[in-house]
Amino acid sequence: MTRLTNYFLPTEREPPADAEAVSHKLMVRAGLIRQIGSGLWSWLPAGWRVHQRIVQIVREEMNAIGGQEMLMPVLHPAEPWRRTGRYEIDELFKLNDRRGADMVLAMTHEEIVTGHVAAAVRSYRDLPLILYHFQIKERDEPRPRAGILRTREFIMKDSYSFDRDQEGLEVSYQRHVEAYDRMFDRLGLEWYRVEADVGMMGGIGAHEYMAPCAAGENEVALAPGYAANVEVASAQAQPVSLEPAPAAAEDVHTPGMTTIDAVASSLGLSPGALVKAFPVVVDGGEMKLVVVRGDHRVNEIKLRTALGGDFRPAQTDEIASRLGPPGFIGPVGAQMPILLDAAIEPDGGYVTGANRPDMHLRGVVPGRDFQFERVDVRSVVAGDTVAGAEIRIEPAIEVGNLFKLGTRYSDPLRATYLDQAGAEQLIWMGSYGFGPARSAAAAVEQYADEQGISWPRSMAPFDVELVVLGKDGSEERTLAERLYAELQQAGLDVLYDDRDAGPGEKFADAELLGCPARLTVGRRTLAAGEIEVQIRRGRESRTVPVDGAVEAVAELWRELP
RNA sequence: CGGGGAGUGGCGCAGUCUGGUAGCGCACCCGGCUGGGGGCCGGGCGGUCGCAGGUUCAAAUCCUGUCUCCCCGACCA
């Protein structure tokens, strides 16, 4: 029974004063969510219906690839987290029980699920396995933001695959790719599957599912046939015109010009005709000089990958003692390994710092003037090309991710099995996340208009909203009551606005909530024996005869986006 | 963690500079009208001004401390 007169749907005419993101404003206004603290949100009844619908679609697709649903606790002993080395993570909530034992609130469940598998799996015959659950995750985020886009507590579907070997992992991973493709299609989102950084999870491969929208925190690089997180994207740089290289590099006096722009404009060159040097200190203490084109930026994630380990930018005094005055450093004469970004032409004449005060060098040719190692460590920019096609860069919300974990967790937690030869082997693992709340927010972001939310059919809180105009006892009310019952019998979830309110208020609330179709029973159309049907996406209206209206609406419903 | 901003009825805000005992719109309650785009008239309810301390005859307002929330950046296993 979902009559608006006794349904908890507190709508607001105005958005919260501190809201920026469209999904934040609209989901609060529509009465779907309410905040109780920074990054902590309650789902109100209509919002929870959206969440549940998303969850059910994901559940069906996980079951379809052989996933087995279970449930693991949020509160964990600290011990397994210590074993995998993740107890030190800042985002991990830590607490003590009454006996003083160290506990954690789960930010993910690799430790626990792997522990179960380690305890139970003995034989290669027990594998492969896909286990999953929907469970609350707790993360002490440095900065929660944008409503439910980045919260400290949220529900996640996390699944884990357990295989005998890497080949098996590839199969389980591919099954997840197919399941995720299907679920995002069914959810009605615009989405991309992009190459992703494996991050500090120490995995061997990763993808992310990205829903493009203005409020997104990530950036994706897109071209026909290509999609990657900007963190890892690789592309052909736009060419720059270079000066012909002279026989040898020449000094240029550049007093006080410590920036690329200052030097470039002084010499009448484009920034791309310069190179900039970025000194770093790698794990172990060695200094290396990373060189990228003047118009490019070092991508720290790609650099970390290229270095095969962590690094830090060199400090001013280290730069001054090893190279030269900051602002005037360069690769020529540098007594350290040089990593040269792939966008720099091998035979071009570039301008670089001379490692002397107020001096640059022009006509510097890599290879002739300094030795180097080739790397790809710059951030791509819009206009670069992949296979001849220009890329564009869009903001997006990460709504799902896939990680090939390998033996990152099975090793420390000793999740092993005996193979056919009786030898102990480590289990190969993958982990796969999905965020129902972010998917809901992404849908709001992608399809909202001036009037409010426009849900995809699959995740709308109700299939149709039935609006009646007319007083108690009127002919309109009688018909609406009948339609309400019959629509439900026809299998549709109906929200019935039976309030004693004006038409403007009812229409505004209905369009704010964003159910895919709105039926209006009012005097105006009823005189002609019709009711009005408005399709929320596009707000186009039509009328259908009262006779057969339920069937007509049910049929129309099946064709909605 | 760095920078910026904000806490005053349910929501959105004014009042703070210049101290004098709290106001507006919406919402809500009652009565009536209206009935296809947040309509109209009349009458009401509701606030220890985030919290604590201080100054003062008097504090939303001045001072000190503290808590919370938001935005930008850093971070984001």
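Hydrogens, waters and symmetry mates are skipped; everything else that's a heavy atom, side chains included, is used. In this text, all values refer to a predicted model and were calculated from it rather than measured experimentally.
With sequence neighbours excluded, the residues forming a salt bridge (charged side-chain N to carboxylate O under 4.0 Å, His left out) with A:Glu486 are A:Arg482, listed by chain and number. Listed by chain and residue number, A:Arg3 satisfy the salt bridge (charged side-chain N to carboxylate O under 4.0 Å, His left out) test with A:Glu481 (two or more places apart in sequence, or in another chain). The side chain to side chain donor-acceptor pair (under 3.5 Å) search around A:Arg175 returns none, not counting sequence neighbours. Residues satisfying the salt bridge (charged side-chain N to carboxylate O under 4.0 Å, His left out) test with A:Glu153, not counting sequence neighbours, are none. With sequence neighbours excluded, no residue forms a salt bridge (charged side-chain N to carboxylate O under 4.0 Å, His left out) with A:Glu475.
Taking the P atom of each, B:G42 and B:G7 are spaced 33 Å apart, rounded to whole Å. Annotation: B:G54 and B:U61 have their C1' atoms spaced 15 Å apart (nearest Å). B:G5 and B:G9 have their P atoms separated by 22 Å, with the value rounded to a whole Å. Separation of the C1' atoms belonging to B:G47 and B:C11 is 14 Å when rounded to the nearest angstrom. Nucleotides B:C24 and B:G46, compared at atom P, are 15 Å apart to the nearest Å. Comparing the same atom, P, in B:U48 and in B:U18 gives a spacing of 28 Å after rounding to whole Å. When the P atom is used for both B:G19 and B:U56, the distance is 16 Å, rounded to whole Å.
Side-chain contact, A:Asp411 with A:Tyr409: no donor N or O sits under 3.5 Å from an acceptor N or O. Inspection of the A:His133 and A:Asp158 side chains reveals an N or O donor paired with an N or O acceptor under 3.5 Å.
Checking B:C69 for Watson-Crick or G-U wobble geometry (two distances, each under 3.5 Å) identifies B:G5 as its partner. Across all strands shown, B:C57 forms a Watson-Crick or G-U wobble pair, both distances under 3.5 Å, with B:G20. Pair check for B:A14 finds none; no Watson-Crick or G-U wobble contact set falls under 3.5 Å. Pair check for B:U64 finds B:A52; Watson-Crick or G-U wobble, both atom distances under 3.5 Å. Pairing for B:C33 is with B:G39, a Watson-Crick or G-U wobble pair whose two hydrogen-bonding atom distances lie under 3.5 Å.
A cation-pi arrangement is present between A:Lys404 and A:Tyr173 under the rule of less than 6.0 angstrom and at most 45 degrees off the ring axis. The cationic atom of A:Arg537 (NZ for Lys, CZ for Arg) lies less than 6.0 Å from the six-membered ring centre of A:Tyr447 and within 45° of the ring axis.
For the pair A:Ile36 CD1 and B:G10 P, the interatomic distance rounds to 18 Å; values are reported in whole Å. Protein atom CZ of A:Arg297 is 12 Å distant from nucleotide atom P of B:G73, rounded to whole Å. Taking atom CG of A:Leu4 as the reference point, atom P of B:G38 lies 18 Å away to the nearest angstrom. Put simply, CD on A:Glu88 is 18 Å from C1' on B:C75, counting in whole angstrom units. A:Phe403 has its CZ atom 7 Å from the P atom of B:A77, to the nearest Å. Across the protein-nucleic acid pair, A:Arg145 atom CZ and B:A74 atom C1' stand 14 Å apart, rounded to whole Å. Distance CG (A:Asp90) to P (B:A74): 17 Å, rounded to an integer number of Å. The NE2-C1' distance, from A:His76 to B:A77, rounds to 15 Å in whole Å.
A centroid separation of less than 6.0 Å is found between the aromatic rings of A:Phe184 and A:Phe434.
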Strictly under 3.5 Å: I want the nitrogen or oxygen pairs between protein and nucleotides 2-4 of chain B, one per line.
none

Might you list the N or O atoms of the protein lying below 3.5 Å from N or O atoms in nucleotides 49-51 of chain B, with each pair's distance?
none

Grab the N/O contacts between the protein and nucleotides 44-47 of chain B below 3.5 Å, and write none if there aren't any.
none

Collect all protein-nucleotide pairs involving nucleotides 29-35 of chain B in which both atoms are nitrogen or oxygen and the distance is under 3.5 Å.
from, atom 1, to, atom 2, distance (Å)
B:G35, N1, A:Asp500, OD1, 3.4
B:G35, N2, A:Asp500, OD1, 3.4
B:G35, N2, A:Ala501, O, 3.2

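Among the nucleotides B:C69, B:A77, B:G38, the one closest to any side-chain atom of A:Arg152 is B:C69. If you check B:G37, B:C75, B:A77 against the side chain of A:Arg518, the one that comes closest is B:G37.
Counting any heavy atom pair closer than 4.0 Å across all strands shown, A:Glu217 reaches no nucleic acid atom. Using a 4.0 Å heavy-atom cutoff across all strands shown, A:Asp509 reaches at least one base atom of the nucleic acid. Within 4.0 Å of A:Ala527, counting heavy atoms only, lies no atom of the nucleic acid at all. A:Arg34 comes within 4.0 angstrom of no nucleic acid atom, judged by non-hydrogen atoms across all strands.
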Practice prompt. Just do the side chain to side chain donor-acceptor pair (under 3.5 Å) check on A:Glu208 and A:Asn401 with the steps written out, would you?
Written response: CA-CA 4 Å; A:Glu208 290 164 337; A:Asn401 54 43; over 6 Å; no
Practice prompt. Might you work through the side chain to side chain donor-acceptor pair (under 3.5 Å) test for A:Lys137 and A:His109, ending with a clear yes or no?
Written response: CA-CA 9 Å; A:Lys137 301 290 181 277; A:His109 282 79; 3.1 Å; yes
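Other residues, nucleotides and ligands contribute over 12 non-hydrogen atoms within 6.0 Å of the CZ atom of A:Arg34.
With respect to A:Arg82 and A:Asp102, a salt bridge is recorded, a charged nitrogen being found less than 4.0 Å from a carboxylate O. In this structure, A:Glu476 does not pair ionically with A:Lys471, as no charged nitrogen and carboxylate oxygen lie closer than 4.0 Å. Ion pairing between A:Glu111 and A:Arg86 holds under the 4.0 Å rule for side-chain N and carboxylate O.
In terms of position on RNA chain B, the residue among A:Glu300 and A:Leu526 whose nearest nucleotide sits closer to the 5' end is A:Leu526. Annotation: of the two residues near RNA chain B, A:Phe507 and A:Gly39, the 5′-most nearest-nucleotide partner is A:Phe507.
The list of ring-ring contact (aromatic ring centres under 6.0 Å, His included) pairs with a residue in residues 503-546 of chain A, not counting sequence neighbours, is empty.
By the 30° and 60° cut-offs, the orientation of the rings of A:His176 relative to A:Tyr180 is tilted.
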Could you list the donor-acceptor pairs under 3.5 angstrom formed between side-chain atoms of residues 14-24 of chain A and any protein atom two or more places apart in sequence or on another chain?
from, atom 1, to, atom 2, distance (Å)
A:Ser23, OG, A:Glu445, OE2, 2.7

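Counting distance only, with no hydrogens placed and no angle test, the side-chain atoms of A:Glu505 and the base atoms of B:G37 include no donor-acceptor pair under 3.5 Å.
Near RNA chain B, defined here as any heavy-atom distance below 4.0 Å, the residues from residues 11-25 of chain A are A:Glu12, A:Arg13, A:Glu14, A:Pro15, A:Pro16, A:Ala17, A:Asp18, A:Glu20, listed numerically.
The shortest distance between the side-chain N/O atoms of A:Ser38 and the OP1/OP2 oxygens of B:U68 is not below 4.0 Å. Contact check, A:Gln534 against B:G37: no side-chain N or O comes under 4.0 Å of OP1 or OP2.
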